[in-house]
Amino acid sequence: MKHLKIIFLFLIISLFFSCKNEKNIEKSKPKLLVSFVDPFIGTGGHGHTYPGATAPFGMVQPSPDNGTQGWDWCSGYHITDTIITGFSQLHLSGTGIGDLVDVLLMPTNNDVDLSLFGKTKDSLPYTSYFSHESEMASPGYYSVKLNNKIKVELTANEYVAFHKYTFNNVEIPSFIIDLGFAINWDKVTSSSLKREGENIITGTRFSTGWAKNQKVFFVIQTSKPIKSSKFVRDKEILIDVNSSEGIKTGGQFIFEDSVKQVEVKIALSSVSLANALENLVKKGKNTDFDKTRKITEENWETALSKIKIKTDRDSLKTMFYTALYHSQVAPVLFSDVNGEFRLQNDSIAKATNYKAYSTLSLWDVFRAETPLLSIIDSQRLNDMIQSMLTYYDEHGALPVWTLYGNETGTMPGYHSISVIVDAYLKGIRDYDVEKAYKAMKKTMMGDERGLSHYKKYGYIPYNKEHQSVSISLNYAYNDFCVAQLAKDLGKEDDYNYFLNRSKAYENFFDKESGFLRGKSANGKDFREPFNPKMSNHLEDTDYTEGNAWQHSWNVIHDTDGLIALHGGKEAFVKMTDQLFVESSELVGDNVSADITGLIGQYAHGNEPSHHIAYMFNKAGQPWRTQYWVRKILDTQYSTLPNGLSGNEDAGQMSAWYVMSSLGIYPMNPASSQYEIGSPVFDEATIKTSNNTEFTIITANNSDKNFYIQSAKLNNKELNRTYITHQELIAGGKLELKMGAEPNKNWPKN
């Protein structure tokens with residue numbers, strides 16, 4: 001008996017420690033990286049992001065729409081709004097122009113007056129107030145409880161949007177589709193809607209706006225049978241029909257009174273209803289809302305796991321992983337399951353052995369987002385280039401800014417060239433390189449978009465084109481990129497020609513003021529009067545969305561040449577430092593709304609400023625790079641909805657944070673070098689597309705210790721302010737010792 005008591009006591013003790021051990025294991029289990037992502041960051045201020053669901057680089061982005069016209073509703077949603085008009089399936093992340101918000105659905109619990117469809121927000125009969133406290137968002141998921149007591153949940157996989165509506169004590173469980181709904185630049189030109197059986201709805205929505213020729217075909221499948229439906233066509237309610245065709249069409253679809261919850265699948269295509277149906281069948285079959293949400297969350301976890309960081313500050317983890325999330329939202333998949341996608345001239349292309357992408361915000365993303373992809377997702381970048389070459393086949397020039405297969409012509413330069421050359425020099429070449437070079441040369445030798453003046457004068461005179469300085473500086477960088485590819489391909493004459501043209505910036509330098517200024521066609525006279533703080537958004541100005549302070553450093557390919565124009569490193573550093581401490585006053589009657597995130601006259605909210613802090617490295621004073629980069633990281637990003645200081649711009653604003661917080665930045669992407677700044681993490685490990693790992697370790701790192709004291713690369717002293725792409729993707733270790741005071745002797749000369 002005594003032995004039994006001992007055995008029993010032993011079992012009790014073992015069970016106690018076993019349970020305690022299980023609790024400790026659970027407590028020590030690391031949190032999922034997706035838990036640090038807050039999709040509401042950027043939905044306030046001028047961030048222009050959306051909080052809805054999407055898969056990494058997914059074709060669909062179901063998200064709430066407020067129905068409000070205005071610049072800060074370019075994504076359809078802004079955190080200051082308290083009304084939801086519905087949930088459309090396509091959205092832009094952080095752009096400065098509003099389009100998409102196509103195929104709006106909204107669950108309802110009453111009989112809706114369809115004659116009011118297609119009107120502005122205040123007249124729509126199906127809108128609902130909501131509280132932000134009832135919202136929730138995470139990668140691949142969004143939910144909200146509307147004031148009409150209906151709970152809406154959204155998720156998505158790569159091709160299909162999933163809605164889940166939970167009806168609570170309602171009389172008429174139903175949902176509406178309003179194809180006339182549009183905000184900002186978007187305008188529907190024709191639409192159609194048809195009920196096919198008891199749980200299938202098909203339709204089309206053709207529109208014009210920023211994308212002049214946008215065609216959306218869609219198929220909707222409901223998990224519960226539709227009991228009845230009614231349709232509208234251009235304010236006319238249709239009786240005893242199962243379809244509607246016109247300009248602004250819509251309908252209400254009603255379920256049995258007993259229905260408490262419905263799942264809705266929506267698949268889109270730019271090509272045809274048959275393709276939309278195929279997308280639905282192949283990517284929406286054998287799955288439901290919860291399974292899809294789980295798989296998409298796992299896909300996001302994989303995408304975020306490409307970079308692991310170590311820090312004790314959860315706020316830094318939230319900012320970093322939200323930035324890494326936003327860096328992988330766009331560009332978006334555009335080719336259907338069968339590879340087909342529509343071009344602007346209505347021809348149908350087919351992606352073979354690659355996936356086609358659109359939402360190519362190239363003036364923005366060439367700076368940091370596509371260089372980031374060259375490290376962690378080179379295949380995706382390669383597919384983007386394949387897509388650009390297909391757009392070239394149709395358009396006759398490489399893309400500027402592609403939206404839903406349309407060339408918008410937005411922003412200066414042809415930065416598809418910048419992206420391709422950056423990728424090529426890094427060994428990403430699974431496309432027709434000779435065709436790519438031919439496309440670059442043809443594009444840059446054209447006459448469109450000011451190129452005729454650029455070729456004639458060696459720059460664009462201010463009396464020939466608006467934004468003459470900015471456009472010329474962008475072309476100069478494009479020329480530099482073409483020259484690098486020409487050199488590698490052995491095209492010596494082309495190399496010399498384009499390299500010489502890349503010096504175009506020299507024509508604008510005013511040695512008296514130190515600024516790059518608009519010059520007349522006579523090659524002598526600068527535009528007068530001149531005020532470097534003067535901004536005029538896009539017309540009657542020499543600068544795009546900025547002023548002379550923000551654009552006079554836009555020579556990312558030839559910092560040495562710009563330094564020489566200033567009279568040497570000391571003079572250059574003095575004026576660059578002044579940029580950051582100058583008063584933030586802006587002058588003019590039409591100051592660009594894009595000039596945001598000001599530190600002095602440095603404007604982090606717009607891309608032309610993004611490289612400037614790293615120029616101190618090239619001027620021999622890297623401690624100033626470390627100081628100002630850390631200042632930008634600390635002041636221009638936060639965990640709040642207004643945590644982005646300017647438009648997200650399809651990933652660039654966030655990619656700047658990702659790269660800079662790691663401590664490296666592609667100041668000149670086509671150099672294949674990453675300038676070293678001031679990392680904020682104790683340790684970061686990057687898993688590259690080569691399946692290698694590169695670790696950045698910072699010793700003595702803190703808010704005050706942001707100056708580099710010494711550096712080692714793979715255990716050897718590093719006495720330069722950059723690492724190369726090849727060094728990074730080969731795998732290895734960069735060790736930085738930090739301190740509170742600048743070490744002006746690093747790197748040793």
Side-chain angles (χ1 to χ4, degrees), residues 57 327-334 354-393 395 397-403 407-433 435-444 473-486 488 498 502 554 556-557 607-608 610-611 649-656 658-659 665-674 689 725:
F57 304 99
S327 299
Q328 298 179 87
V329 164
V332 301
L333 179 64
F334 192 50
Y354 74 96
K355 291 181 177 180
Y357 289 87
S358 191
T359 308
L360 298 171
S361 182
L362 298 166
W363 180 83
D364 303 294
V365 301
F366 89 89
R367 305 165 195 272
E369 192 203 13
T370 52
L372 175 62
L373 295 181
S374 75
I375 299 170
I376 65 173
D377 201 345
S378 59
Q379 184 58 56
R380 187 100 50 188
L381 180 56
N382 197 91
D383 286 2
M384 288 171 57
I385 293 170
Q386 294 267 45
S387 307
M388 293 177 201
L389 295 177
T390 302
Y391 297 133
Y392 161 77
D393 288 337
H395 194 64
L398 283 165
V400 176
W401 208 124
T402 306
L403 173 63
E407 178 54 72
T408 68
T410 304
M411 308 312 294
Y414 285 96
H415 290 293
S416 46
I417 291 172
S418 311
V419 172
I420 296 170
V421 173
D422 173 33
Y424 173 86
L425 294 174
K426 292 172 177 174
I428 301 168
R429 304 175 182 179
D430 189 17
Y431 47 86
D432 188 335
V433 173
K435 176 182 178 180
Y437 180 76
K438 180 181 177 181
M440 291 179 199
K441 185 174 178 179
K442 181 181 177 183
T443 298
M444 292 307 296
L473 296 179
N474 281 269
Y475 284 155
Y477 184 68
N478 298 153
D479 281 339
F480 170 81
C481 291
V482 177
Q484 304 315 300
L485 183 53
D488 200 76
F498 285 107
S502 75
N554 200 5
I556 60 179
H557 61 291
E607 279 67 24
H610 277 191
H611 66 286
D649 282 321
Q652 169 57 26
M653 191 68 67
S654 290
W656 189 97
V658 170
M659 297 293 284
Y665 188 79
M667 190 191 81
N668 172 10
S671 69
S672 296
Q673 296 176 358
Y674 302 102
S689 295
H725 180 76

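We're numbering straight along the sequence, starting at 1.
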Where is the tightest heavy-atom contact between P371 and P669, given as atom of each residue plus distance?
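Taking every non-hydrogen atom into account, CG-CB, 4.1 Å.
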
Heavy atoms only: give me the nearest M411-V400 pair and the separation to one decimal.
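The answer is O-CG1, 3.5 Å.
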
Check the pair W401 / S361 against side-chain hydrogen bond (donor to acceptor under 3.5 Å, both in side chains), numbers first and verdict last.
CA-CA 5 Å; W401 208 124; S361 182; 3.0 Å; yes

Of N474, T370, N478, which meets side-chain hydrogen bond (donor to acceptor under 3.5 Å, both in side chains) against S418?
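Answer after filtering N474, T370, N478: N478.
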
Quick one: ring pair (Phe, Tyr, Trp, His ring centres under 6.0 Å) partners of Y475, sequence neighbours excluded?
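For Y475 the ring pair (Phe, Tyr, Trp, His ring centres under 6.0 Å) partners, ignoring immediate neighbours, are Y454.
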
Sidechain-backbone polar pair: S416 side chain, P399 backbone, donor-acceptor under 3.5 Å:
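Looks like yes, one N/O pair under 3.5 Å.
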
For the pair Q484 (side chain) and F480 (backbone), establish whether a donor and an acceptor sit closer than 3.5 Å, ignoring hydrogens and angles.
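It does hold such a pair.
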
Do D393 and T390 have a side chain donor and acceptor closer than 3.5 Å?
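There is no such pair between these side chains.
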
Backbone N or O of W656 within a donor-acceptor pair of the H610 side chain at under 3.5 Å?
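No; zero donor-acceptor contacts below 3.5 Å.
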
What do the steps show when you test D432 against K435 for salt bridge (charged side-chain N to carboxylate O under 4.0 Å, His left out), and what is the final call?
CA-CA 5 Å; D432 188 335; K435 176 182 178 180; over 6 Å; no

Which distance, rounded to the nearest 0.5 Å, do you find between the CZ of R367 and the CE of M667?
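Output value for this atom pair is 12.5 Å.
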
Checking T443 side chain against L398 main chain: does a donor-acceptor pair fall under 3.5 Å?
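Yes; judged by distance alone, with no hydrogens or angles, the pair exists.
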
I would like to know whether D488 and Y424 meet side-chain hydrogen bond (donor to acceptor under 3.5 Å, both in side chains); could you show each step before the answer?
CA-CA 10 Å; D488 200 76; Y424 173 86; 2.5 Å; yes

Looking only at side-chain N and O atoms, does S672 offer a donor or acceptor that is under 3.5 Å from a partner on K426?
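Checked: K426/S672 side chains show no N/O donor-acceptor pair below 3.5 Å.
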
Checking the side chain of D383 only, and the main-chain atoms of K355 only, is there a donor and an acceptor separated by less than 3.5 Å?
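Flag set: sc D383 to bb K355 pair under 3.5 Å.
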
Using atom types as modelled and distance alone, determine if a side-chain donor or acceptor of T359 lies under 3.5 Å from a backbone N or O of V332.
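No, the answer is negative, given that no donor and acceptor are paired below the 3.5 Å cut-off.
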
With sequence neighbours excluded, tell me which residues meet ring pair (Phe, Tyr, Trp, His ring centres under 6.0 Å) with F366.
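Testing F366 for ring pair (Phe, Tyr, Trp, His ring centres under 6.0 Å), a comparison that skips the adjacent residues, returns H415, Y477.
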
